[in-house]
Novice: 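Quick one: the structure is below, and I'll ask about it shortly.
Computation of the quantities below employed the complete heavy-atom set of this structure, encompassing side-chain atoms and omitting hydrogens, waters and symmetry-equivalent molecules. Atoms within each ligand, like the ligands themselves, are counted from 1 in listed order.
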Amino acid sequence: MSGASGAIDLSTLTAAHIREGIASGQFSAREVLDAAQTRIVEVDERVHAFLQLTPELAEEAAGAVDAAVASAHQAGLDPRDTLGPLAGVPVGLKDNMNIVGTNTTAGAKILENHVSVYDCTAARRLLDAGAVLVGKCNLDEFAFGSSTENSAFGPTRNPWDLERVPGGSSGGSAASVSAGEVVISLGSDTGGSIRQPGALTGTVALKPTYGRVSRYGIVAFGSSLDQIGPFGKTVEDCAMALQAIAGPDPMDATSAVEPVPDYVAAVGQAAAGGVKGLRVGVVTDLLEVEGLAGEVRSLVERAASVFGELGAQVGEVELPSAEHGLSAYYIIGPAEASSNLARFDGIRYGYRAHNPADVLDLYMRSRAEGFGPETIRRVMLGTYALSAGYYDAYYGQAQKARTLIKRDFSAAFERFDVLLTPTTPTTAFKIGEKSDDPLGMYLSDYYTIPVNLAGNCAISVPAGLGSDTGLPVGLQIIGDYFAEETVLRAAAAFEAAVEFDSRPRIRG
Ligand code: GLN
């Protein structure tokens, strides 16, 4: 809360606190923005959550909120009744989301100077709800990675330990919330890229059902997998953000027309003891996976007992096809990426090679010079998997595995409302530890990827600090298609029971 000196500490304020503080005149949106900017000056040289700050957009947005408070008073109205649901809340956006007035680099050198010419729907909806865009957050190049080390603009560091990665690919978005630089951020999750960094930074991180949120205006990676979702310090903050961004969009034919429920109310029900009788399935075969750290396993087991104590009906379930998730994903993801990235040819977008001999040389050199090593690896993998003669053996086979994973989930959701797994096999690893070991890096997405392949929803919520590393561990709560309400309610009940302190002490 705001102290006697008037200093605002964002690490202790939720979106709802901020809106209420502004509506009641306790502080102004301008002061909240100052607090965010001060915190960024204090820590971001070390954390490097941001690629770009957007002070002009931020000042304009904060000014508009303060003006709305003044005009509500003038009209004899209570600003609580007139302000947008996220009024004055400082936010960050993963830099693969276009917003006019910003550069959108996707963490790639090839897009270094790319200026957005239109808005990403989800991002625009967040800002239209009154949120104040403070800056664009770092990511692995084109969202390829699990550590943010693949960014062409240098890695982001984990606020819990600056020698460690924040996860990825939405590492900047996760770190910006974890470090108290913003209150909410948006990331994108194609194969775990919201939930995995959420787990490693002790933040709450939600991947909505495929189609729940429009993908329009995001730099496309895997179009059958990509989904935008929020990070927050609390489940309620994620619910508020989802409320703002969810719903159909005429610009994205895959966005779902399913009605948008009241997610914030679902979180409120949790507070009223709302998980009594909820059927919670612990995915036991995924607790036997080699490479799962003991400290992670024991916190997930403890989480299951917490649900039991809260009155849920806890049982056991298996997802036998989940073990094929990684291999299927590393065919389907790169296959889709290789076609989505065909547009970066040195002509239509971004970086262009100098003095080309001819047009083929221009294409080839612009891509070879503009793409980083992981991007090149993905394009090669994907092109190979789709090439004549190999299509059935790789892509066709991967699609079959995808179907089996979907079936496992539907069978499990006949018996359970939500499923519990670890979000990641280990806590945050050291910067550099896995950068020469792509397979080791890919393994950190073991638990998150099956959900992208099936297309349902899941949240990562802090389960505690690991007993060996002292670093945050994430619990993944998986729900059926469009069951975000249930997932949020379960996560909120769990959050209240474990009382995790989400504030890291930035050291180093
Ligand atoms: N880490 C995974 C990958 O590198 C997932 C990325 C993502 O979800 N954007 O593909």
Novice: Check for me whether G333 has a heavy atom closer than 4.0 Å to any atom of ligand 1.
Specialist: no
Novice: For ligand 1, which part of R378 has a heavy atom less than 4.0 Å away: the side chain, the backbone, both, or neither?
Specialist: side chain
Novice: With heavy atoms of G192 as the reference, note each atom of ligand 1 found under 4.0 Å away.
Specialist: 8 (O)
Novice: With a 4.5 Å heavy-atom cut-off, do C137 and D95 have their side chains touching?
Specialist: no
Novice: Examine the proximity of ligand 1 to F142 and report which part, side chain or backbone, both or neither, has a heavy atom under 4.0 Å away.
Specialist: neither
Novice: Taking the six-membered ring for Trp, are the ring centroids of F142 and F344 within less than 6.0 Å of each other?
Specialist: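 Ring centroids of F142 and F344 are less than 6.0 Å from each other.
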Novice: In terms of side-chain geometry, is the basic nitrogen of E112 or K109 positioned less than 4.0 Å from the acidic oxygen of its partner?
Specialist: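 Answer for the salt bridge query: no.
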Novice: Any chance the rings of Y481 and Y210 have centres within less than 6.0 Å?
Specialist: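 That pair fails the under 6.0 Å test.
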Novice: Please confirm whether S193 comes within less than 3.5 Å of ligand 1 when only nitrogen or oxygen atoms on both sides are compared.
Specialist: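 In this structure, S193 places an N or O atom under 3.5 Å from an N or O of ligand 1.
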Novice: What protein heavy atom is closest to atom 2 (C) of ligand 1, reported as residue, atom name and distance in Å?
Specialist: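 So the nearest neighbour among protein heavy atoms is D445 OD2, 3.3 Å.
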Novice: Which part of Y329 is near ligand 1, with near meaning a heavy atom under 4.0 Å away: side chain, backbone, both or neither?
Specialist: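 It is the side chain that touches ligand 1; the backbone stays farther off.
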Novice: Run the numbers for me: atoms of ligand 1, each under 4.0 Å from some heavy atom of F221, listed by number.
Specialist: 6 (C), 7 (C), 9 (N), 10 (O)
Novice: Which atoms of ligand 1 are found less than 4.0 Å from any heavy atom of G145?
Specialist: 1 (N), 2 (C), 3 (C), 4 (O), 6 (C)
Novice: In terms of the angle between their ring planes, are Y391 and Y395 parallel, tilted or perpendicular, with boundaries placed at 30° and 60°?
Specialist: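 Tilted, since the angle between the ring planes falls between 30° and 60°.
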Novice: Using heavy atoms and a 4.0 Å limit, tell me yes or no: is Y330 in contact with ligand 1?
Specialist: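 Judged by the 4.0 Å heavy-atom criterion, Y330 does count as contacting ligand 1.
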Novice: If we only count N/O pairs under 3.5 Å, is G191 in contact with ligand 1?
Specialist: yes
Novice: Taking both backbone and side-chain atoms of G168, is any N or O found less than 3.5 Å from an N or O belonging to ligand 1?
Specialist: no
Novice: Please tell me if the side chains of P462 and V204 come closer than 4.5 Å, counting only heavy atoms from C-beta onward.
Specialist: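 In contact.
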Novice: Show which atoms of ligand 1 fall inside a sub-4.0 Å distance from at least one heavy-atom site of A143.
Specialist: 6 (C), 7 (C), 9 (N)
Novice: I'd like to check which ligand 1 atoms, numbered from 1 as shown, lie under 4.0 Å from a non-hydrogen atom of S169.
Specialist: 7 (C), 9 (N)
Novice: Can you classify the ring geometry of Y118 versus Y216 as parallel (below 30°), tilted (30 to 60°) or perpendicular (above 60°)?
Specialist: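 Ring orientation, 0 to 90° scale: tilted.
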Novice: Decide, yes or no, whether a salt bridge links R367 with D345 under the criterion of side-chain N to carboxylate O below 4.0 Å.
Specialist: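 Salt bridge: no.
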Novice: Which of these passes side chain to side chain donor-acceptor pair (under 3.5 Å) with K94: S173, S185, S193, S169?
Specialist: S169
Novice: Angle class for the W160/F500 ring planes (parallel below 30°, perpendicular above 60°, tilted otherwise)?
Specialist: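 Geometry flag for F500 against W160: tilted rings.
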Novice: What are the atoms of ligand 1, with element, lying closer than 4.0 Å to any heavy atom of T190?
Specialist: 7 (C), 8 (O), 9 (N)
Novice: If we only consider heavy atoms of Q196, is any one of them less than 4.0 Å away from an atom in ligand 1?
Specialist: no
